[in-house]
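Each remark here refers to the structure printed beneath this line.
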Amino acid sequence: MSDETPRWSQAVVYQDMWVDPDDDPRESDAPSPDGERATLEDYLTNYRLTLLMKCEGLDTEQLARRAVPPSTMSLLGLLRHLAEVERDWRGWISPGEPPSKLYGPRDADFDDAAAEQEMVDAAYADLVREQAATDAALAEYPDLGVRVGKKAIAVRELLVHRVEEYARHCGHADLLRECIDGRVGQ
């Protein structure tokens with residue numbers, strides 16, 4: 001008997017995909033976006049959807065499970081972490097003091113993630129709220145080259161950094177999910 005979790009995919013047509021293209025909310029028949037901002041925002045939207053898809057269908061224990069020891073990462077921790085970094089990025093461009101931490105000191109987003117329905121619900125709500133607030137703050141700057149905040153960071157850099165952050169953590173989510181229940185795919 002093996003302790004390994006068997007690998008599986010929900011896709012039928014393409015076994016290496018998360019879902020079949022007809023069922024994938026990231027797929028569209030619309031033409032690709034025009035322009036730099038639209039392209040960056042499209043990539044960000046798709047990575048955000050990918051993260052949510054990787055969390056779909058799991059119970060609170062599975063979401064909170066630290067499935068790749070010795071890492072403290074969990075899918076719930078990733079949701080909380082990304083809410084925290086959205087908030088941090090907004091602090092980079094906002095006047096005055098940065099907003100307070102959502103979850104406490106460094107790494108509390110991961111370390112304190114627990115298999116409690118209230119915490120899971122709050123993490124999803126926090127993520128949606130913080131994404132919307134950061135999206136709105138950046139939308140105020142149509143010129144991607146404009147430098148904002150105390151450190152004069154280009155809006156373009158913030159948008160690219162957000163895409164990079166979600167893409168990197170979607171890779172972590174791939175590994176976590178496969179270890180939790182064996183589900184694989186793009």
Side-chain angles (χ1 to χ4, degrees), residues 7-65 67-68 71 73-90 102-103 109-110 113 117 119-139 144 155-186:
R7 299 178 85 207
W8 66 282
S9 169
Q10 188 169 317
V12 176
V13 177
Y14 303 103
Q15 288 297 309
D16 63 335
M17 297 180 78
W18 190 257
V19 295
D20 289 321
D22 290 343
D23 300 325
D24 194 332
R26 300 165 300 180
E27 295 293 324
S28 169
D29 290 333
S32 63
D34 285 331
E36 184 179 10
R37 179 183 287 269
T39 299
L40 290 169
E41 289 174 349
D42 187 58
Y43 271 85
L44 180 59
T45 296
N46 285 332
Y47 280 123
R48 285 173 170 175
L49 282 169
T50 298
L51 178 69
L52 295 176
M53 291 169 71
K54 296 294 176 174
C55 295
E56 217 168 68
L58 298 176
D59 62 29
T60 58
E61 185 280 323
Q62 291 170 313
L63 286 168
R65 187 180 305 165
V68 186
S71 174
M73 262 190 215
S74 66
L75 290 167
L76 175 58
L78 284 175
L79 294 171
R80 290 164 46 101
H81 173 70
L82 287 164
E84 193 76 78
V85 295
E86 288 280 359
R87 188 177 184 91
D88 286 347
W89 288 326
R90 210 168 50 260
L102 284 172
Y103 305 113
D109 39 5
F110 290 109
Q117 190 61 53
M119 184 177 287
V120 170
D121 294 344
Y124 280 108
D126 291 344
L127 183 60
V128 168
R129 182 190 65 246
E130 296 302 325
Q131 287 172 339
T134 304
D135 290 348
L138 288 173
L144 298 184
V155 171
R156 175 181 292 104
E157 182 180 347
L158 288 169
L159 287 169
V160 169
H161 188 69
R162 289 170 85 201
V163 170
E164 177 272 333
E165 183 88 12
Y166 279 89
R168 184 165 41 92
H169 288 312
C170 281
H172 296 133
D174 284 339
L175 294 172
L176 289 164
R177 182 63 187 253
E178 184 175 355
C179 288
I180 290 167
D181 70 355
R183 187 160 178 199
V184 296
Q186 89 293 359

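- Considering only residues two or more places apart in sequence or on other chains, F110 meets the ring-ring contact (aromatic ring centres under 6.0 Å, His included) condition with H81.
- Here C55 contributes atom SG and I180 contributes atom CD1; the two are 8.5 Å apart, rounded to the nearest 0.5 Å.
- Side-chain atoms of D109 and L102, non-hydrogen and from C-beta on, never get closer than 4.5 Å to each other.
- In this structure E61 satisfies the salt bridge (Lys or Arg N to Asp or Glu O under 4.0 Å) test together with R65, sequence neighbours excluded.
- In plain terms, the two heavy atoms of A83 and L127 that are nearest each other are N-CD1, 3.6 Å.
- Evaluation of the salt bridge (Lys or Arg N to Asp or Glu O under 4.0 Å) rule for E36 yields R156 as partners, not counting sequence neighbours.
- Although no hydrogens or angles enter the test, the distance criterion places a donor-acceptor pair under 3.5 Å between the side chain of E84 and the main chain of Y103.
- With sequence neighbours excluded, the residues satisfying side chain to side chain contact (heavy atoms under 4.5 Å, CB included) with E164 are H161, R168.
- Atom CG of D135 and atom CZ of R162 lie 4.5 Å apart (nearest 0.5 Å).
- Not counting sequence neighbours, R80 has no partner by the side-chain hydrogen bond (donor to acceptor under 3.5 Å, both in side chains) test.
- Inter-residue side-chain proximity for V68 and H172 is flagged as unmet; no heavy-atom pair is nearer than 4.5 Å.
- For R87, the side-chain hydrogen bond (donor to acceptor under 3.5 Å, both in side chains) criterion is met by E130, not counting sequence neighbours.
- Here T39 pairs with P33, Y43 under the side chain to side chain contact (heavy atoms under 4.5 Å, CB included) rule; sequence neighbours left out.
- Considering only residues two or more places apart in sequence or on other chains, D88 meets the side-chain hydrogen bond (donor to acceptor under 3.5 Å, both in side chains) condition with K101.
- R26 pairs by the side-chain hydrogen bond (donor to acceptor under 3.5 Å, both in side chains) definition with D24, T50, not counting sequence neighbours.
- Between atom CG of residue L176 and atom NE2 of residue H169 there is a gap of 11.0 Å, rounded to the nearest 0.5 Å.
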Q. Does the side-chain contact (heavy atoms from CB on, under 4.5 Å) test come out yes or no for L75 and L79, once each step is laid out?
A. CA-CA 6 Å; L75 290 167; L79 294 171; 5.8 Å; no
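- Ion pairing of E86 with R129 is absent here, as no side-chain N (NZ or NE/NH1/NH2) approaches a carboxylate O to less than 4.0 Å.
- Closest of all the heavy-atom pairs between V163 and L40 is CG2-O, 3.6 Å.
- We find the CG-OH distance between N46 and Y166 to be 13.0 Å, quoted to the nearest 0.5 Å.
- Annotation for S74 and A113: closest pair OG-CB, 4.1 Å, computed over non-hydrogen atoms.
- A side-chain contact (heavy atoms from CB on, under 4.5 Å) with L144 holds for exactly one of L158, L138, L159; it is L159.
- Taking the side chain to side chain contact (heavy atoms under 4.5 Å, CB included) definition, one finds that E41 meets it with R37, sequence neighbours left out.
- Of the possible polar contacts, one joining the R177 side chain to the K54 backbone as a donor-acceptor pair under 3.5 Å is found.
- Within the model, atoms CH2 of W89 and CG of L82 stand 6.5 Å from one another, a figure rounded to the nearest 0.5 Å.
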